[in-house]
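Below: the structure, in structure tokens.
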Amino acid sequence: MKALVHTICLILGVSLAGPAVAQEVAPPVPYDDEIAEETLAAQERDDRIMLTVGIGEHGPFSFLVDTGSEWTVISGRVARQLGLVSNREKKVISIAGETSAQSVQLEDLVLGKTRISDLDAAVINEWDIGAAGIIGIDSLRDQRITMDFDRNEITVAPSKGMMRAGQNEIIVRAHKKDKRLIVRRAYLDGRSIDIVIDTGASFTVGNRALRDRYYPNRPTVARTRITDVLGNERQVDIINAGKLEIDRVVIDDSLIAIADTTVFEELGLTERPAILLGMNHLSLFKRIAVDFRRRQISFELDEEQG
């Protein structure tokens, strides 16, 4: 059991990663508004997805791609390096708690040849983030982002039309709540749940209603503490919740951490069983695409899985 707990601690404890070091790559290419989409090399660190970005004409910086974060975040180190000064605060919510953070105005967030302007970014300690910043939903609200886990690539494209399913691919519609997308065509052991796609979480987290209503007698696999991007800690129980179904996709033996997190409260998901689907589940797919404007999520399997 000690070995298992230690392994899960490494998976969940995002603050164990030290401050991120910027990748040595070429500076951002000048913006070209004729570009429809662009595929960028991604990096994997602590089971999470990183992308090299620019801020204005500065960079490169390694940012975490987080479809569960309402706001874009910049580390205090980078804010000081760029001379960004704040005179306001914003509320930042994470898995283990919430805080009031200083915020700064970013000149532009540059993803390859795509520039996203007028971002009000929260300033968080880099050690807690494990990166130079976070690409949040406010940066992606008009984009379709495709994460290819086989090739370690991310494609960024404007949201211009509805996605259509290809071979070994399913597309689900989602509801929008506080900028986040919630999937309601999902089941655990045949019982209905809500799902939020959270690429910033190393591990899937379920709410207390999931535990109390569906698995009150399910034994705890392990008990550990998670540390989120705000430096907050929370104790969680790990359970094997069984068979997860998203439309026609089936995943067996789903390990889920149970936590009373503020994220569920903010989304109104405290009474209905729900999970934040983290990278331990998402990385089982070949590709995932999220279109925030069209409220669509695509899941693509390998041919042998389909």
* Under 4.5 Å between any side-chain heavy atoms of R208 and I258, yes or no? -> yes
* Go through V290 and L140 one step at a time and tell me if the side chain to side chain contact (heavy atoms under 4.5 Å, CB included) criterion holds. => CA-CA 9 Å; V290 182; L140 304 172; over 6 Å; no
* **All side chain to side chain contact (heavy atoms under 4.5 Å, CB included) counterparts of A259, not counting sequence neighbours** => V205, R234, V236
* To do: Using a strict cut-off of less than 4.0 Å between a Lys/Arg side-chain nitrogen and an Asp/Glu carboxylate oxygen, indicate whether D252 and K243 qualify as a salt bridge.
  => no
* **For E271, all residues meeting side chain to side chain contact (heavy atoms under 4.5 Å, CB included), sequence neighbours excluded** => none
* To do: Using a strict cut-off of less than 4.0 Å between a Lys/Arg side-chain nitrogen and an Asp/Glu carboxylate oxygen, indicate whether K176 and E70 qualify as a salt bridge.
  => no
* May I ask you to decide if V249's main-chain N or O and D247's side chain share a donor-acceptor pair within less than 3.5 Å? => no
* Asked: Distance-only, no hydrogens or angles: does the T270 side chain make a donor-acceptor pair with backbone N or O of F264 under 3.5 Å?
  -> no
* State, without any angle test, whether S192 and R272 hold a side-chain donor-acceptor pair at a distance under 3.5 Å. => yes
* Salt-bridge test for D150 and R287: reply yes if a basic N is under 4.0 Å from a carboxylate O, no otherwise. => no
* To do: Please tell me if the side chains of F61 and M50 come closer than 4.5 Å, counting only heavy atoms from C-beta onward.
  => no
* **4.5 Å side-chain heavy-atom contact, V53 and F63** => yes
* Does the E44 side chain pair with the main chain of N152, one donor and one acceptor, at a distance under 3.5 Å? -> no
* **Main-chain N/O of T199 paired with T67 side-chain donor or acceptor, under 3.5 Å** => yes
* To do: Measure the shortest side-chain to side-chain distance between T72 and I134 over non-hydrogen atoms and say whether it is less than 4.5 angstrom.
  => no
* Checking R211 side chain against P216 main chain: does a donor-acceptor pair fall under 3.5 Å? -> no
* Asked: So, the side chain of N125 versus the backbone of G76: is there a donor-acceptor pair under 3.5 Å, distance only?
  -> no
* Please name the residue in the list I195, I256, D253 that meets the side chain to side chain contact (heavy atoms under 4.5 Å, CB included) test with L244. => I195
* Taking D198 for the side chain and L277 for the main chain, is one N or O donor matched with an acceptor at less than 3.5 Å? -> no
* Are the side chain of T261 and the backbone N or O of V263 linked by a donor-acceptor pair below 3.5 Å? -> yes
* Asked: Is there side-chain contact between I246 and R185, with at least one heavy-atom pair below 4.5 Å?
  -> no
* **R151, CZ: over 12 other non-hydrogen atoms inside 6.0 angstrom** => no
* T204 backbone acceptor or donor facing N280 side chain under 3.5 Å -> yes
* Single-linkage hydrophobic cluster L282~I171, side-chain heavy atoms < 4.5 angstrom -> no
* Begin with the C-alpha distance, continue with both residues' side-chain angles, and end with the deciding distance and a verdict on side chain to side chain contact (heavy atoms under 4.5 Å, CB included) for T146 and E37. => CA-CA 10 Å; T146 303; E37 67 176 42; over 6 Å; no
* Are a donor atom and an acceptor atom from the side chains of S159 and R144 found within less than 3.5 Å of each other? -> no
* Asked: Within the side chain of S62, is there an N or O that forms a donor-acceptor pair under 3.5 Å with the backbone of A132?
  -> no
* Point-to-point distance, once rounded to the nearest 0.5 Å, from CD1 of I135 to CD1 of I116 -> 7.5 Å
* Would you give the length of the straight line joining atom CD1 of I170 to atom CG of L301, rounded to the nearest 0.5 angstrom? => 7.5 Å
* Would you call K90 and D120 a salt bridge, using N to O less than 4.0 angstrom? -> yes
* To do: Decide yes or no for L181 and R295: does some side-chain heavy atom of the first lie under 4.5 Å from some side-chain heavy atom of the second?
  => yes
* To do: Examine R248 relative to F299 and say whether NZ or CZ is less than 6.0 Å from the centre of the six-membered ring and inside a 45° cone about the ring axis.
  => no
* Asked: If we ignore angles and hydrogens, is there a donor and acceptor under 3.5 Å between the side chains of T39 and T155?
  -> yes
* Asked: Without hydrogens or angle criteria, can the side chains of Q296 and R164 be said to hold a donor-acceptor pair below 3.5 Å?
  -> no
